[in-house]
Asker: 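Pasting in a structure now, in structure tokens, and then I'll have a few things to ask.
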Protein chains: 2
Amino acid sequence: MKITICCTDTNQQPWLAGLQAALPQAHVSIWSPSDPQADHAVVWAPPQQFLDEQPALKTLFNIGAGVDALMALRIPASTQVVRLDDAGMSVQMAEYVCHAVLRHFREFDGYAHDAAQGRWSYRKPRRKAQWPVGILGMGILGQRVARSLQAFDFKVQGWSRSAKDIPGVQTYTGAAQLADFLKTSKFLVCLLPLTPHTENILCQANLSQLPVGAYLINVARGAHLVEADLLALLDTGHLSGATLDVFRQEPLPEGHPFWAHPRITVTPHTSARTLRDESIAQIVSKIEALSQGHAIRGVVDLSRGY
Amino acid sequence: MKITICCTDTNQQPWLAGLQAALPQAHVSIWSPSDPQADHAVVWAPPQQFLDEQPALKTLFNIGAGVDALMALRIPASTQVVRLDDAGMSVQMAEYVCHAVLRHFREFDGYAHDAAQGRWSYRKPRRKAQWPVGILGMGILGQRVARSLQAFDFKVQGWSRSAKDIPGVQTYTGAAQLADFLKTSKFLVCLLPLTPHTENILCQANLSQLPVGAYLINVARGAHLVEADLLALLDTGHLSGATLDVFRQEPLPEGHPFWAHPRITVTPHTSARTLRDESIAQIVSKIEALSQGHAIRGVVDLSRGY
């Protein structure tokens with residue numbers, strides 16, 4: 001069995017060592033052009049040339065949760081695309097989103113501002129009933145984030161393309177129910193896959209349906225957000241702030257208005273990192289399952305794009 | 001039945017209205033000197049005169065979790081002191097502590113510092129195995145905080161005066177096991193009651209047993225902490241930072257070195273506020289239980305002081 005690794009922006013050597021150690025019978029290598037055909041590939045944002053040279057590839061393991069970079073490529077018809085189920089990402093996402101929600105809900109920035117001036121301040125505690133959290137995208141990550149917020153007694157509602165039944169979460173489905181979902185989401189968390197249907201979903205028309213004072217958290221993809229629309233809604237005060245981990249262009253360019261905006265928190269696409277050891281273990285177990293003819297989880301539906 | 005209210009630093013009128021509405025047969029009033037004897041009192045840091053004038057008081061309901069302010073007073077021998085079981089405080093405490101832990105663990109201050117300079121930075125993700133959380137005090141609040149941190153996969157250990165058996169939490173008991181507890185607590189969260197045994201427990205001798213780089217969170221009482229010892233351990237780098245919600249003198253005095261310290265976060269005793277409606281409901285249900293001769297939870301052991 002031959003496994004090839006083709007991950008841009010990644011130190012590939014530890015992936016090579018880890019996969020080889022776990023699968024000593026396999027031939028594992030880092031891809032270079034004109035390499036012989038592989039059975040399985042471990043990739044992150046590979047070039048089109050890589051796919052064009054691998055027409056008989058059986059499996060393409062994407063080492064992130066979002067496969068939008070792959071969807072832009074021509075993938076051989078017989079290749080199945082597999083994304084990581086979780087591999088330590090969902091707890092990181094829960095940490096990131098809960099931190100952002102609690103920071104805003106408990107007004108920790110306001111207290112920090114007061115403390116910087118040596119001021120012992122009083123703020124009337126906010127009531128959770130006035131701060132329901134709406135999650136766009138109720139996949140593995142969205143459900144994990146929902147559970148974590150529920151543990152702090154937040155009211156959580158979710159919106160997704162297909163109907164879901166999630167304990168304690170009021171769910172909304174499809175375009176017809178988006179407005180009802182938005183108008184009651186005081187926090188809006190975007191955890192959608194990026195597809196032609198979801199690109200630009202965080203636009204003026206949708207964001208302006210949120211309650212006045214709503215707060216946006218985008219941890220999905222930069223292309224979900226129409227940047228100018230967010231800035232306009234912050235200017236009018238309709239939105240109270242935003243925490244953004246993803247951007248149309250990454251790294252976020254020098255001089256971009258998000259960097260210095262007083263009500264936008266920018267982090268460098270750090271909400272949920274791929275953890276190498278966990279990911280290698282998951283890929284290895286899937287390769288073993290496939291070689292024994294078993295079904296595996298995480299196979300991407302190319303017609304949906306996630 | 002006569003109920004009197006004697007709460008300093010508190011708007012007492014809504015307490016009066018809430019208790020009177022819930023107990024229409026009772027005579028509820030705000031205390032003034034030389035008032036007639038009451039059966040039950042609802043208090044926060046009352047003056048000694050109040051207690052001296054109420055020798056036949058049956059129950060003293062303290063509207064906070066910590067009863068240390070009461071313990072400094074002479075309490076009539078026949079009066080039982082009752083503290084609130086929870087009344088919405090434990091979830092607030094879980095929010096506050098989880099926010100502080102996640103903020104430091106995920107290095108959000110470091111990212112904010114980089115972002116302020118327009119810098120897209122990379123930081124190697126920290127591993128939770130290196131960041132166990134130790135909680136001093138495993139009462140209602142400590143156990144709730146432990147559960148919330150466990151939900152994010154943190155390893156949690158607890159120390160308390162009496163032995164406790166808490167699922168998934170390694171527990172340490174008494175002075176003999178304090179050193180073992182401290183040396184493996186990379187985060188130290190103080191949620192102890194303030195008693196003569198716990199005053200100054202956060203001192204040089206104890207804090208210096210924490211691992212290098214440890215982070216302190218004090219949400220109990222200011223008198224648990226020897227302030228100069230914390231500053232010295234931050235100076236040497238033994239401790240990486242602290243989040244403090246409580247202080248020896250509150251409000252924290254103007255010009256106090258904590259206000260401007262770059263690695264200390266100061267909040268104005270806001271971690272867990274008494275929620276009036278929940279507290280009134282709990283006091284009413286306890287008064288009703290007592291009038292029917294039932295036992296109630298939250299009775300303070302005056303010999304222990306909590």
Side-chain angles (χ1 to χ4, degrees), chain A residues 88 91-92 94-96 98-103 105-112 114-125 127-128 144 147-148 150-154 243 245 247 250-256 258-261 264-277, chain B residues 88 91-92 94-96 98-103 105-112 114-125 127-128 144 147-148 150-154 243 245 247 250-256 258-261 264-277:
Chain A
V91 67
Q92 295 177 67
E95 291 167 8
Y96 185 99
C98 286
H99 176 271
V101 166
L102 291 172
R103 177 179 169 181
F105 176 68
R106 294 290 298 262
E107 301 190 79
F108 287 120
D109 285 0
Y111 288 120
D114 295 340
Q117 300 170 48
R119 195 164 66 225
W120 185 268
S121 52
Y122 175 80
R123 285 158 196 271
K124 194 171 156 59
R127 289 281 175 167
K128 290 210 177 86
R144 179 68 166 83
R147 267 207 316 284
S148 295
Q150 286 176 313
F152 291 116
D153 300 343
F154 281 98
T243 290
D245 187 48
F247 305 91
E250 296 182 6
L252 187 65
E254 197 182 324
H256 192 288
F258 287 175
W259 281 121
H261 196 289
I264 295 179
T265 295
V266 167
T267 53
H269 203 142
T270 189
S271 55
R273 297 267 191 65
T274 297
L275 298 180
R276 196 170 53 224
D277 294 350
Chain B
V91 67
Q92 295 177 66
E95 291 167 6
Y96 185 98
C98 285
H99 176 270
V101 165
L102 292 172
R103 176 178 170 182
F105 176 69
R106 294 291 299 264
E107 301 189 77
F108 287 121
D109 285 0
Y111 288 120
D114 295 340
Q117 299 170 49
R119 194 163 69 225
W120 185 267
S121 53
Y122 175 79
R123 285 157 197 271
K124 195 171 158 55
R127 290 281 175 166
K128 292 210 176 89
R144 180 67 166 83
R147 265 205 318 283
S148 296
Q150 287 175 313
F152 291 116
D153 300 343
F154 282 97
T243 290
D245 188 48
F247 305 92
E250 295 180 8
L252 186 65
E254 199 183 322
H256 192 289
F258 287 175
W259 280 122
H261 197 289
I264 295 179
T265 295
V266 168
T267 54
H269 205 143
T270 188
S271 54
R273 297 268 191 65
T274 296
L275 298 181
R276 197 170 52 226
D277 294 349

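Sequence lines set the chain letters: A, B, ... in the order given, protein chains first and strands last, and positions in each chain run from 1. Just the heavy atoms: all of them, side chains too, but no hydrogens, waters or symmetry mates, feed the values below.
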Asker: With a 4.5 angstrom heavy-atom cut-off, which part of B:Glu254 approaches chain A: side chain, backbone, both or neither?
Answerer: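 Looking at B:Glu254, nothing touches chain A.
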Asker: ring-ring contact (aromatic ring centres under 6.0 Å, His included) for B:Phe105 and B:Phe154? Distances and angles first, verdict last.
Answerer: CA-CA 10 Å; B:Phe105 176 69; B:Phe154 282 97; 5.1 Å; yes
Asker: Roughly how far apart are B:Gln92 CD and B:Leu275 CG, rounded to 0.5 Å?
Answerer: 4.5 Å
Asker: Side chain, backbone, both or neither: which part of A:Ala94 has an atom under 4.5 Å from a heavy atom of chain B?
Answerer: both
Asker: Where does B:His269 contact chain A at under 4.5 Å (heavy atoms): side chain, backbone, both or neither?
Answerer: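 For B:His269, backbone and side chain are both near chain A.
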Asker: How many angstroms lie between atom CG of A:Leu252 and atom OG1 of A:Thr267, to the nearest 0.5 angstrom?
Answerer: 10.5 Å
Asker: Could you tell me whether a side-chain N or O of B:Trp259 sits under 3.5 Å from a main-chain N or O of B:Pro253, the two making a donor and an acceptor?
Answerer: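 Answer holds: yes.
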Asker: Does B:Asp245 reach the main-chain N or O of B:Thr270 with its side chain, forming a donor-acceptor pair under 3.5 Å?
Answerer: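 Indeed, once roles are kept as given, a pair shorter than 3.5 Å links the two residues.
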Asker: Of the listed residues (A:Arg147, A:Glu250, A:His256), which shares the most heavy-atom pairs with chain B below a 4.5 Å separation?
Answerer: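 Answer, by heavy-atom pair count under 4.5 Å with chain B: A:Glu250.
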Asker: Counting only non-hydrogen atoms closer than 4.5 Å, does B:Gln117 touch chain A with its backbone (N, CA, C, O), its side chain (CB onward), both, or neither?
Answerer: neither
Asker: Does any backbone or side-chain atom of B:Ala112 lie under 4.5 Å from a heavy atom of chain A? Answer side chain, backbone, both or neither.
Answerer: neither
Asker: If I take atom CZ from residue B:Phe108 and atom CD from residue A:Glu95, how far apart are they, to the nearest 0.5 angstrom?
Answerer: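 Rounded to the nearest 0.5 Å, the CZ-CD separation comes to 8.0 Å.
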Asker: Sort B:Arg106 into side chain, backbone, both or neither according to what part of it lies under 4.5 angstrom from a heavy atom of chain A.
Answerer: side chain
Asker: Could you tell me which portion of A:Ser121 (side chain, backbone, both or neither) has an atom closer than 4.5 angstrom to a non-hydrogen atom of chain B?
Answerer: both
Asker: Looking at A:Gly255, A:Ala116, A:Ser271, which has the largest count of heavy-atom pairs under 4.5 Å with chain B?
Answerer: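 With the most close heavy-atom pairs to chain B, the winner is A:Ser271.
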Asker: Mind checking side-chain contact (heavy atoms from CB on, under 4.5 Å) for B:Asp153 and listing every partner two or more places apart, or none if nothing turns up?
Answerer: A:Val91, A:Arg144, B:Lys128
